[in-house]
Enquirer: 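The structure's right below; bear with me while I get my questions together.
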Amino acid sequence: MKKRYYNKILSSLEICKTFKELKQIHGVMIITSAIRYIIPLSKLIDFCTNSEPQNLDYAESVFVRIDRPSVYIWNSMIKGHSNTKNPAGALVMYKKMQRLGYSPDHFTFPFVLKACAAIVDVRVGKCVHNRVLKTGFESDLYANTSLIHMYVCCADLESGEKLFDESPKWNVVGWATMIAGYVNNDRASDAIRVFKEMEFQGVEPNEITIVNVLVACAHCRDLETGKWVHDCIGQLGFCSRRLNSSSNVILDTAILEMYAKCGSLKVARAYFNEMPERNIVAWNSMIGAYNQYGQASEAFRLFEEMRLSGLEPDEATMLSLLSACAKLGALSLGQGLHAYVEKTNIAEHVSVQTSVMDMYAKTGDRQSAFQIFSGLHRKDVKAWTSMIMGLAMHGHGKEALNMFSQMQRDESVSPDHITYLGVLSACSHAGLVDEGYKHFNSMSDVYGLVPMEEHYGCMVDILSRAGKLMEAECLVKTMPINPSVAVWGSLLNGCEIHDNVDLAEQIENHITKLKPQGSGIYVLLANIYAKAGRWQGVKRVRDLMRHNGFRRTYGWSSIEPKLLSS
DNA sequence: ATAGGGTTAG
């Protein structure tokens, strides 16, 4: 073919913008035989796989007609597949390539490993790892970073760590991969530790590293490190919206989320208000924080504001709002949200269905809760726990325990710490001491769950309500965790029910050392003394209360607020 | 031509 045509085609491919144009060029390529030349062919395929949206079928139709595709073209096809919803296609390509005798190069590995990571297939990932070693790419930086990414995505942190430790020098991407790996595998404190190591080694973090470590701080509720990282951002000179006109909404959201999760709601809100750009994630973060820190109505207020700004809620918004309804006991508000998610495609998420179910269970509509529960495609531990908890909360202890035994028969789930809080509270409501003990013991014996303070609190509650105050007292004194005000409070509650003033007096000594926040416990103490006619005790407690700055709060009840207008 | 990034229920 003429050199002139060839060059014209190459430059056309270069400036090609739309798929329609590409098809025309493709036609010309066939007529002029340019289709037989590797460079225009590569560019043709690259356009199909890199354009937005990509057209893999078209690339495939060109690809299958190539006699001997170059490794470059194989790589393009693998890359194309790795970026689709079905990354497994990349592995099919990779296998085919090798079966036909082509040897992968250092560009092949990152693409194919990305696919392994995406479909969480560590078995194939390990095979690729072997290939990396056999083909002599074991010191390739990109291949190794991709390998670590693959391992951490498959939750095989040990293999990731091993690779990471083998090399003494990593660039910022390698460090970020390891840090993100820890964050995504619930090991936020390791992420923070590695970040500090990175700082120590003099590798300068960038936005991505900072975002990751802020998420880690949020998970750990490590406000101190979080603030330090926030301060670092200013010194690093990149991206801070205070110093720079260009904003980074992801970074801003990570900062907001760090303050929010650490409970600094005021700081978080102030930051939120100042953000030059707020996407749905930022709103969700703030709404979720209000919900999490007991300001459910504020969550709804902010939601209204979000609607006014023209943003549509997504499933994360709904999860927070449904949880807020559950906490407020706002059934009809929850019903409104239920109707909304059904109208949109949000209800397709199992997590949302479970959350709707949780809302019904907590607000006491157990028919609706049961109905959704039985229709759930996947009943995970959270679904079971919601039902158990909801039933227990509304006094249906026996039913809750019945749910729990059904759950134990389902082999696809096993209870966790929170399930047991529901189970034990069910026993408490139903007054089942022996059954309570049985479940408390099965926690560690059967499921290897170490009881937390709350579980001891539940047991103390069960025993003291049943009048077994000595046993309860003994448990408080022998539990392996230092009992908090709440645990002593459970025991004290038993003292009130069963008129045991002497024990109450002993408890008073323990409690005052803990400087309780809130007046509830003092009021309880005073009531016990008053009932027994111990007026000097009553006076002592009231003085103590005043001394600690608490006033008696009055009884309150709540009615469902009318908030959702739409 | 290649590697790393934010929210989400009990």
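Chain letters run A, B, ... following the sequence lines, proteins first and then strands; every chain starts at 1. Just so you know, these numbers use all the heavy atoms, side chains as well, and skip hydrogens, waters and symmetry mates.
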Enquirer: Can you tell me the distance, in whole Å, between the CG atom of A/D105 and the P atom of B/dA3?
Expert: 13 Å
Enquirer: According to a cutoff of under 5.5 Å between the ring centres and under 30° between the ring planes, does A/F107 stack with the base of B/dA1?
Expert: yes
Enquirer: Can you sort out the partners of A/D190 under salt bridge (charged side-chain N to carboxylate O under 4.0 Å, His left out), two or more places apart, ordered by chain and number?
Expert: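 Only A/R187, A/R193 meet the salt bridge (charged side-chain N to carboxylate O under 4.0 Å, His left out) criterion with A/D190.
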Enquirer: Would you check if the side chain of A/N284 reaches a backbone N or O of A/I287 as a donor-acceptor pair within less than 3.5 Å?
Expert: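 Not a single qualifying donor-acceptor pair exists.
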Enquirer: Mind checking if A/N144 touches a base, just sugar-phosphate, or nothing, with heavy atoms under 4.0 Å?
Expert: nothing
Enquirer: Under 4.0 angstrom, heavy atoms only, what part of the nucleic acid is A/H106 near: base, sugar-phosphate, or nothing?
Expert: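 Base, at least one base atom sits under 4.0 Å.
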Enquirer: For residues 44-55 of chain A, which residue pairs qualify under salt bridge (Lys or Arg N to Asp or Glu O under 4.0 Å), counting only residues two or more places apart or in two chains?
Expert: none
Enquirer: What nucleic acid atoms does A/Y72 come within less than 4.0 Å of, heavy atoms only: base, sugar-phosphate, or nothing?
Expert: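 Base contact - A/Y72 has a heavy atom under 4.0 Å of at least one base atom.
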Enquirer: Please report, rounded to the nearest Å, how far the C1' atom of B/dA1 is from the CG atom of A/N83.
Expert: 12 Å
Enquirer: For A/M150 and B/dG4, give me the distance from atom CE to atom P, rounded to whole Å.
Expert: 13 Å
Enquirer: Indicate, with a heavy-atom threshold strictly under 4.0 Å, whether A/L141 touches base, sugar-phosphate, or nothing.
Expert: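 Contact class for A/L141: base.
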Enquirer: Output the rounded distance in Å from CG (A/D46) to P (B/dA1).
Expert: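 It is 8 Å, rounded to the nearest whole Å.
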Enquirer: Could you state the CD1-P distance from A/I148 to B/dT2, rounded to the nearest angstrom?
Expert: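 To the nearest whole Å, that distance equals 20 Å.
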Enquirer: Looking only at atom types and distance, does a side-chain atom of A/S323 sit under 3.5 Å from a main-chain N or O of A/L319, one as donor and one as acceptor?
Expert: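 No; zero donor-acceptor contacts below 3.5 Å.
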Enquirer: So that I can tick it off, tell me whether A/D156 and A/K126 are bridged by a salt bridge, with the cut-off set at under 4.0 angstrom between side-chain N and carboxylate O.
Expert: yes
Enquirer: Where along nucleotides 5-10 of chain B does protein come under 4.0 Å, by heavy atom, of base (B) or sugar-phosphate alone (S), with - for untouched nucleotides?
Expert: BBBBBB
Enquirer: Does the plane of the ring in A/Y271 sit parallel, tilted or perpendicular to the ring in A/Y259? Use 30° and 60° as the thresholds.
Expert: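 The rings of A/Y271 and A/Y259 sit tilted, inter-plane angle from 30° to 60°.
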